[in-house]
Amino acid sequence: MYAYIDGKLVFKCPAYVIIDAGGVGYHINISLHTFSLLGNDERCKLFTWLHVKEDGHTLYGFADEGERRLFLHLISISGIGPNTGRMMLSSITPDEIQIAIINGNVPLIQRIKGIGPKSAQRIILELQDKLRKEGPGSSLTMAPANKTVKDEALSALVMLGFARNAAEKVIEQEINKNGGTLTVEQLIKLALKSL
């Protein structure tokens with residue numbers, strides 16, 4: 001429902017922040033990773049995810065899109081709720097989590113409070129292929145604002161579930177065929193026909 005909230009940082013602690021955006025104060029739960037990246041700027045922008053349940057609505061905030069994407073991957077696993085996902089992102093960095101999952105490092109994931117051996121194995125089993133397909137570092141870095149047509153098309157195809165390597169090859173072929181004069185939409189449509 002909320003992609004991000006951008007406003008004045010009114011209050012900050014390791015567990016949550018309050019951001020005033022348009023006269024409304026949003027209470028947003030954050031990880032220690034996000035807390036460490038916030039700094040002391042008066043203005044702040046957090047990428048958010050809204051958890052809706054019977055007894056309340058809870059906002060979770062992330063310093064960048066990559067951390068939010070990793071959080072959503074984590075909570076998609078049975079038995080891992082938003083608070084456990086936030087605990088994971090607070091215990092070790094998103095980089096370390098992604099590398100541990102891709103490499104099947106059960107002991108590292110098991111070190112996180114609340115994650116036992118079965119949960120650690122389930123996380124690796126369910127996310128290893130997804131994170132490998134996205135490519136190393138894809139959940140971790142935020143794309144630059146001035147992305148090229150090729151970058152935007154590749155990003156869209158990966159989000160649609162195509163393997164990064166296959167999508168990259170097809171995009172290269174289409175760009176070479178058409179002399180690089182395609183819009184993002186045209187490039188995606190042509191690539192979808194070949195994938």
Side-chain angles (χ1 to χ4, degrees), residues 1-4 14-16 28-37 46-143 151 153-171 188 191-192 194-195:
M1 184 174 176
Y2 303 107
Y4 64 85
Y16 69 93
I28 305 170
N29 293 303
I30 58 171
S31 67
L32 282 176
H33 176 73
T34 294
F35 176 77
S36 68
L37 295 175
L46 290 180
F47 293 86
T48 55
W49 179 76
L50 178 65
H51 183 226
V52 179
K53 54 185 182 178
E54 283 180 25
D55 59 344
H57 293 62
T58 310
L59 268 173
Y60 292 88
F62 310 93
D64 57 50
E65 176 59 37
E67 185 185 7
R68 176 173 63 180
R69 199 174 318 131
L70 183 58
F71 172 81
L72 293 174
H73 278 312
L74 292 170
I75 65 169
S76 71
I77 294 165
S78 173
I80 306 289
N83 283 328
T84 305
R86 183 170 70 144
M87 173 68 72
M88 291 179 75
L89 292 167
S90 294
S91 301
I92 57 178
T93 68
D95 306 35
E96 291 170 324
I97 293 172
Q98 186 178 15
I99 291 165
I101 291 170
I102 289 172
N103 294 335
N105 188 344
V106 174
L108 180 61
I109 294 172
Q110 215 177 307
R111 273 193 354 219
I112 300 166
K113 184 178 182 274
I115 303 292
K118 286 184 180 175
S119 293
Q121 289 169 345
R122 188 170 47 238
I123 289 167
I124 289 170
L125 183 70
E126 291 188 31
L127 294 182
Q128 197 170 39
D129 288 342
K130 283 182 189 174
L131 295 179
R132 265 198 196 121
K133 191 191 287 186
E134 288 179 8
S138 63
S139 294
L140 314 174
T141 55
M142 191 172 158
D151 292 337
L154 179 61
S155 175
L157 291 170
V158 168
M159 289 262 213
L160 289 171
F162 293 100
R164 179 173 284 277
N165 297 349
E168 229 165 349
K169 284 179 189 169
V170 171
I171 286 173
I188 292 170
L192 284 172
S194 302
L195 285 168

Which atom pair, heavy atoms only, marks the closest approach of P94 to L89? CG-CD2, 3.9 Å
Just how far is it from atom CG of L70 to atom NE2 of H73, taken to the nearest 0.5 Å? 7.0 Å
Without swapping roles, check the side chain of R122 against the backbone of S78 for a donor-acceptor pair under 3.5 Å. yes
Can you sort out the partners of I115 under side-chain contact (heavy atoms from CB on, under 4.5 Å), two or more places apart, ordered by chain and number? I80, T84, M88, I109, I112, S119, A120, I123
So L127 and L74, do their side chains get closer than 4.5 Å, heavy atoms only? yes
So do S91 and M87 actually touch side chain to side chain, heavy atoms under 4.5 Å? yes
Where do I75 and G85 come nearest, in terms of heavy atoms and distance? CG2-CA, 4.5 Å
So CD1 of I188 and CD1 of I171: to nearest 0.5 Å the spacing works out to 7.5 Å
Filter on side-chain hydrogen bond (donor to acceptor under 3.5 Å, both in side chains), then keep only pairs touching residues 48-62, sequence neighbours left out; what's left? Y60-N83
How long is the span from the CD atom in E65 to the CG atom in L72, to the nearest 0.5 Å? 8.0 Å
Between S76 and K130, does the side chain to side chain contact (heavy atoms under 4.5 Å, CB included) criterion hold? Intermediate values first, please. CA-CA 12 Å; S76 71; K130 283 182 189 174; 4.2 Å; yes
Take L131 and I124 through the test side chain to side chain contact (heavy atoms under 4.5 Å, CB included) and record every step on the way to the result. CA-CA 10 Å; L131 295 179; I124 289 170; over 6 Å; no
In Å, rounded to the nearest 0.5 Å, how long is the span from CD of E168 to CG of L154? 5.0 Å
Sub-3.5 Å donor-acceptor pair from the side chain of S31 to the main-chain atoms of S90, do we have one? no
Could you work out, with ring-ring contact (aromatic ring centres under 6.0 Å, His included) as the rule, every residue matching F62, not counting sequence neighbours? F71
Heavy-atom pair of closest approach, residues L108 and A100: CD2-CB, 3.6 Å
Just to verify, what does T93 make a side-chain hydrogen bond (donor to acceptor under 3.5 Å, both in side chains) with, not counting sequence neighbours? E96
Quick one: does any side-chain atom of N103 pair with a main-chain N or O of N105 as donor and acceptor, under 3.5 Å? no
Nearest 0.5 Å, please: how far is OG in S155 from CG in D151? 8.5 Å
Those residues at least two apart in sequence (or on a different chain) that pass side-chain contact (heavy atoms from CB on, under 4.5 Å) with Q121 are V106
Nearest heavy-atom pair of Q128 and G104: which atoms, and what distance? NE2-N, 3.5 Å
Distance-only, no hydrogens or angles: does the R86 side chain make a donor-acceptor pair with backbone N or O of A15 under 3.5 Å? yes
Rounded to the nearest 0.5 Å, what separation is found between the CG atom of L37 and the CG atom of L46? 10.0 Å
Looking at residues at least two apart in the chain, or sitting in another chain, which of them share a ring-ring contact (aromatic ring centres under 6.0 Å, His included) with Y16? F11, H27
Nearest heavy-atom contact between A191 and L157 is CB-CD1, 3.7 Å
